[in-house]
Structures are given as C-alpha cells and as structure tokens.
Amino acid sequence: MKPVCENCFKNDAALKRPRNGMKVCKECFFMLFETEIHQTIVDNQLFARNETVAIGASGGKDSTVLASVLKTLNARYDYGVNFVLLSIDEGIKGYRDDSLETVKRNQVQYDMPLEILSYDKLYGWTMDKIVAQIGKKNNCTYCGVFRRQALDRGCVQNSIGHVVTGHNADDVAETVLMNLMRGDIQRLDRCCDIVTGDSSSRVKRSKPLMYCYEKEIVLYAHYKNLDYFSTECTYSPEAFRGTARALIKNLEAVRPSAILDVIHSGKQFQLSKKSKARQVRAVQCSQCSYISSNTVCKACVLLNGLNASEPKLRLTEDEGGAALPVRVLEKLQF
Amino acid sequence: MECTRCGKDSTISTRGEKFCDDCFVDFLNRKIRPQLTHFRVNGSPDSKTVSPLIVVPINFRAASLALVDMLVNMRKLQMQKHKQMDGFRILCLYIGDLSDDVSWPWPEVDFEQIELNVSSIEQPIGIDSDTLTRSSKQDLEKIMTRQMILAYAKKHEAFTAFAYSMTKLSEITLAETVKGRGANLPALVTPDLMLDKVVYPLRDITSSELEKYCKITGLNKYIIPDAPVPSVTKRQSIDEIVHLYFTKVQEEFPSVVSTVSKISSRLSQTGEECGLCQPRYIGKSVKLCYACASIAKETEMKRKLDILDMYEL
Ligand SMILES: [Zn+2]
Ligand SMILES: [Zn+2]
Ligand SMILES: [Zn+2]
Ligand SMILES: [Zn+2]
C-alpha cells in the first residue's frame, strides 16, 4: 500500500519533501511550494501593484521555476505586477546559445516580454574572449561581477526599478559559509537580506526563492514539466565554492533543516559598531557611474585590466574566439 | 635546517619559521601571555589577599593538557621572579565519567571531577536526550558541559580558562552558524574577561601546534583519544562534519583557520535569549532560541510517534 498524502489525506503520496520529510501528493506539493513563496512575498512586501519587475532569466532551473511560479501567483493572488524576462548573453559558446533558446521559449510559454543583454555589447568582451585572455582560473569572478552589473544596467536601460533573481536557499546558505571562510564581514552582514540595494542604488534586487530548497526546485520543475536548460556552466566554479557546496550537502544529509539554520544564523550576523565605522561609503564609479565602494567599480577595474593586456592576445586569437585553442597555442609558443 | 632562534638543529616548521624543540615550547608558552595580562603578580609579599582562581576544564585531549602545562609554567615563573608570589591559582575540572587507569600529570595541581547531569536541565525545557538524533544529543551534552563548568566557576568565584585553540574556535564558529546559533558567536568566541570571567588563552595557537607541544613535553601519554567518528556521513554529527571539513580545507587554504577564528570579534552582540545554549552563565530560563527549539521539537515528534505506536495507528 502506498502511503497517503500527509497534507490532504486523500491522494497517494508521490514524494517526500526534502525540506521537512513530509510525504505529499503532487498537487499538494505544488500548492505548498507556491504558497510558501507567496508567503515570503507577502511577509517582505516584495511587490507593489502596477510595478514592472524584471526576472533575471538564465534558462536554468531556478529562474525558470521563478518565472513560472511568479506567473501563477500573479494570477492567483492578483499582484498586478508586470513581469519582464531579462536575460544576459555572456557569450559562452555551447552554454548560452542553448540556454538563450530556452529563455526564448519561456517568453512564449509565460507570455512575458524578453530583453537580452550581451556582455559583448555592454562591455566589449564575451566570456569566451575573457577566458582566452586570462585562462579558466578566475573567470567566475569576472562572470559574476559582470553579470551583477549587467542586470542593473539592463534594468536602467529599460526604466525598470526592481529585478528578482532565482537564488535559492542552498545558494544563500553557501554564500554565508563562503563569506565566513573568506572573512568578508561586509557581505556577511548583507547576504541574507531578501532585498538588497539601498536608496542610493538605482535598482532594487530581491530573491523570492531564498527559502526554497534546491532539491524542491528541481522536483517542481520536473513534475511541472518545465522547459529548462540543465547543463552547468562550462567554466567550472572556484574550488572554494565547490567545497562549501559539498559541505552543505553533507550537512543537509544529517539535518535537513541545516540549510535554513545557516540562513537563520546569517540573518543574525550584524557588524559591530566598530566594523560599521570602518565600512566604506558607496560612491559612483568615475568611469561608468555604477554604485561602488571605490572610485572605480570592480567591473571597470577588471575591464581596464583586460583592455590593457588585449593587444598581446590579438596575435594568437583565431576565428570565433574559442577559449581552449588559444590557450593551447599560447603554450606551444614556449 | 637550523632553528631560527638559537641555531640548533630545527625539528619543527610552523608560521614560516624553523624551531628546535626547546624554542618551540618556549614560543608557545609565551603565546598565551597576551590573553592573561590580568593575571600578573599584583601586590606585595606580605599582603594577605589571595590571587584569583582560574578553573581549567580538562578533557584529556592535547589542547587542555597543553594549557594546564603552560599555566603551571607561567605560575612557576611568576613565583621565581616575585618571591613566591603568584598572579593566579589553578583548579582543574573534569565533567563526566573517568576510568581508573587515567593518570594526572601534575600532583601539585588540584583536580576535581563531577558527573555530567543532563537530566537536571532537560525536564523544565521538555527535552529528553534519549529521543534525540546523535547530532543533537552531542550538541546538548556539549552545551550542558559548558553550563556546568560556568556554574562551578561561579560558585567558586573563579575565572574559567577554556582550552580552545584557534582551530577549535574556527570550528565552533562554523558549526554554531550551521546549527542556527549565529547570534551567539560574539559571546561564545570572543568573551569579555571582566564581564564573562572567561578567557581562551590558546586562541592564537593551532591544534596541530598543541599536538606537537604534547609530543615534545611527553604529555602525549596522558591523552585520551577522541571517540571514533562514524564513517557514514548520515551517522555523523554536525560538529564532526565541520571538524572533518576543516581538517581538509586547512591543508588547501591554511589561512582559513585564522580568518574564521577572528570573524566573531567584528560582529555585534545581538544574542537570542535561551535557557539552554546561552554562552554566558545565566541560571534558569525556559525560553529557547531557534536552534534549541528545534532540538526540543525532536523530543516532541518522537513522543507523538510513540503515542501513534501505542494505539497502532
Ligand atoms: Zn495531497
Ligand atoms: Zn565602473
Ligand atoms: Zn632553538
Ligand atoms: Zn539555544
């Protein structure tokens, strides 16, 4: 005999919820999962009626589930929000090409307008070109810094004041641990805020899925047959982040609530008065006017570095800017 | 290679320096002094005041044995220099059962043992340790041990010197974060000597340095080894997983340990009221924090299941 759903006590249970072990049927799982996100939205007053909100859409499972759930909730609870899909084209062959196709299909499936912003247009560099230049070692730093700004810049270009991203509970917990290990106290202070960006920044950011377990997002996408692109970024993440992720998985195995427990701790972390006094005030980047803690923002610093060393690369760059062949060529020259 | 300090053959390499055995032991003995400036010799030889008492909790691992050794050395030195006057007195405390074949290296140092009494705190709070997961049970026992030590020290109007190394403090930081007790970190990891009467003299020494210390000084033979960690991850406790993780990460990224051990000093004391895990001694309170409430929930869930079993539901 199959166990009965512990929520409706009518249907057979189809799955065990990773966050609390509750056995539920498919319909109850959808309802519980969606209602929890709705609760997060209401508790934190994330949206205002008639607001236009961009969904940072990568074509991956998180942002696809986010778009799908927001569309459902917007209709069910009449938020009155206009959602727009905002996609970034980092210029990674084989990764972004396919995922952008996914986003284009999502545009039709969810009936939302789509804006695509390319690194090439925004910065004059694709990720493939950057990797060809600097190798695979720190490329996630570049990608992260550029992506962060790209969403903001895209919003400003389209006069949108709010962007939501698909960061889930696992991501947030991982970030807490990473910031702890790096001793990055400023970020530790903020990384569990559901809304980031103060009055001085032009674009508000929020994370409606920050209490959703990654495993449940995968289950939701699976049972709803959502159309998403499931390949990991071809450029592997930093080693350190990898170990933090592995740690979270181990902890979750022993104690499923561990992910939420880390977030609970993260929310308690507050800078001491002394550390706060040392905190750097935000200013506008002198090159691109993006809000930054330095006179030149991180993206511009990285760009300046790339542009300064570019001529050397031009000698070996072949058609299409494919990353690996260039690296091979560089080595052969020695 | 030669010892950077005295030129003899070096045996140890740490912190980018080479040490011989003697210089290494001397180096570590000096490392605890910045934490203990409060316990300098104070007063004249004929004054009647007694020096403050320091309770040193012992668990017979390398860190606590090394700490007692260092404190004994420090006190000896004080008495040599100041006509038999000391800056503090030492009282060692062991919580739990102790087998008869355990020997105590310092006959001149007072040693007391008390049983761990988990049930005294369980009932008012509604936790029954028999219903808990292995991880929560371990957590509860550690919390109780600390509370008993602090209560004992309070009764004796003493300070407490815990043998937390830099490595241990960073593990505590990570583990308590994982358990949802981030709010406790400043009070737990960077206590205030005068306010809390608690001090961590080993906070600038790593656990592997302490292990070497015990090897050189012959304290090794008094060490009781750690209980084995289950090999299956699912059976491990949060503390054990974090410990294993740190052991691995510090090989690859050695600076992580000191970074993490220092982070609490830059956080503000927020604190969640809790009758169980409060790092400071607070006496009785039935309020539970987020993390301890979830331990209590395990007992509640188990009782519900037992009732269902009883009625064969
Ligand atoms: Zn159901
Ligand atoms: Zn800039
Ligand atoms: Zn020497
Ligand atoms: Zn507590």
Side-chain angles (χ1 to χ4, degrees), chain A residues 4 6 9 19-22 172-192 238-279, chain B residues 133-136 138-139 170 173-186 190 230 232-242 244-246 248-253 255-272 289-291 293-295 297-298 301:
Chain A
V4 71
E6 291 170 14
F9 297 99
R19 74 180 296 141
N20 56 16
M22 192 176 181
V172 176
E174 183 184 306
T175 305
V176 172
L177 297 188
M178 292 283 295
N179 289 335
L180 206 62
M181 312 276 266
R182 289 191 185 127
D184 190 336
I185 195 96
Q186 310 286 346
R187 287 219 176 84
L188 197 59
D189 185 37
R190 293 184 314 236
C191 65
C192 288
E238 311 144 84
F240 212 28
R241 192 169 271 282
T243 70
R245 176 134 290 213
L247 174 64
I248 300 233
K249 292 286 165 231
N250 283 346
L251 295 166
E252 190 192 1
V254 170
R255 197 176 175 78
S257 69
I259 291 172
L260 293 176
D261 298 348
V262 171
I263 297 176
H264 181 84
S265 285
K267 285 163 84 175
Q268 308 283 332
F269 290 147
Q270 273 168 29
L271 288 183
S272 66
K273 282 205 189 84
K274 224 162 89 199
S275 312
K276 242 187 204 136
R278 261 184 271 149
Q279 205 169 6
Chain B
T133 60
R134 182 169 170 277
S135 190
S136 297
Q138 211 182 73
D139 192 32
S170 57
T173 302
L174 194 58
E176 294 306 301
T177 300
V178 166
K179 293 173 198 162
R181 293 204 192 93
N184 279 356
L185 285 181
T190 42
V232 186
T233 305
K234 262 197 119 138
R235 291 269 309 136
Q236 291 166 0
S237 69
I238 301 274
D239 290 333
E240 285 162 349
I241 289 176
V242 167
L244 292 173
Y245 177 72
F246 250 104
K248 230 174 78 190
V249 161
Q250 84 176 299
E251 282 169 22
E252 234 180 304
F253 311 92
S255 63
V256 161
V257 174
S258 98
T259 303
V260 177
S261 73
K262 288 188 184 102
I263 206 150
S264 298
S265 64
R266 294 159 66 198
L267 296 171
S268 77
Q269 309 252 1
T270 45
E272 272 180 277
C289 72
Y290 166 93
S294 94
I295 295 183
K297 216 177 257 167
E298 286 177 20
M301 290 300 286

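Chain naming here is simple, since letters A, B, ... match the order of the sequence lines and numbering starts at 1 in each.
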Which portion of B:Ser294 sits near chain A, non-hydrogen atoms under 4.5 angstrom: both

Side chain / backbone / both / neither for B:Leu244 at chain A, heavy atoms under 4.5 Å: neither

Check: B:Arg181 side chain, B:Ala291 main-chain N or O, donor-acceptor pair, under 3.5 Å: no

Region of B:Glu240 that comes under 4.5 Å of a non-hydrogen atom in chain A: neither

NZ (B:Lys297) with more than 12 external heavy atoms under 6.0 Å: no

B:Ile238: which of B:Val178, B:Leu174, B:Thr133 passes side-chain contact (heavy atoms from CB on, under 4.5 Å): B:Val178

Chain A contacts, top residue of B:Thr177, B:Thr259, B:Thr233 (heavy-atom pairs, under 4.5 Å): B:Thr177

Minimal non-hydrogen separation, A:Met181 against B:Val260, with atom names: CA-CG2, 3.7 Å

Closest heavy-atom pair and its distance - B:Pro186, B:Gly182: CD-O, 4.1 Å

Salt bridge flag under 4.0 Å for residues B:Asp139 and A:Arg255: no

Proximity breakdown for B:Lys179 and chain A, heavy-atom pairs closer than 4.5 Å: backbone

Interface residue of largest heavy-atom contact number with chain B, from A:Asp261, A:Ile248, A:Ile259, A:Leu251, under 4.5 Å: A:Asp261

Contact class of A:Leu260 relative to chain B, heavy atoms under 4.5 angstrom: both

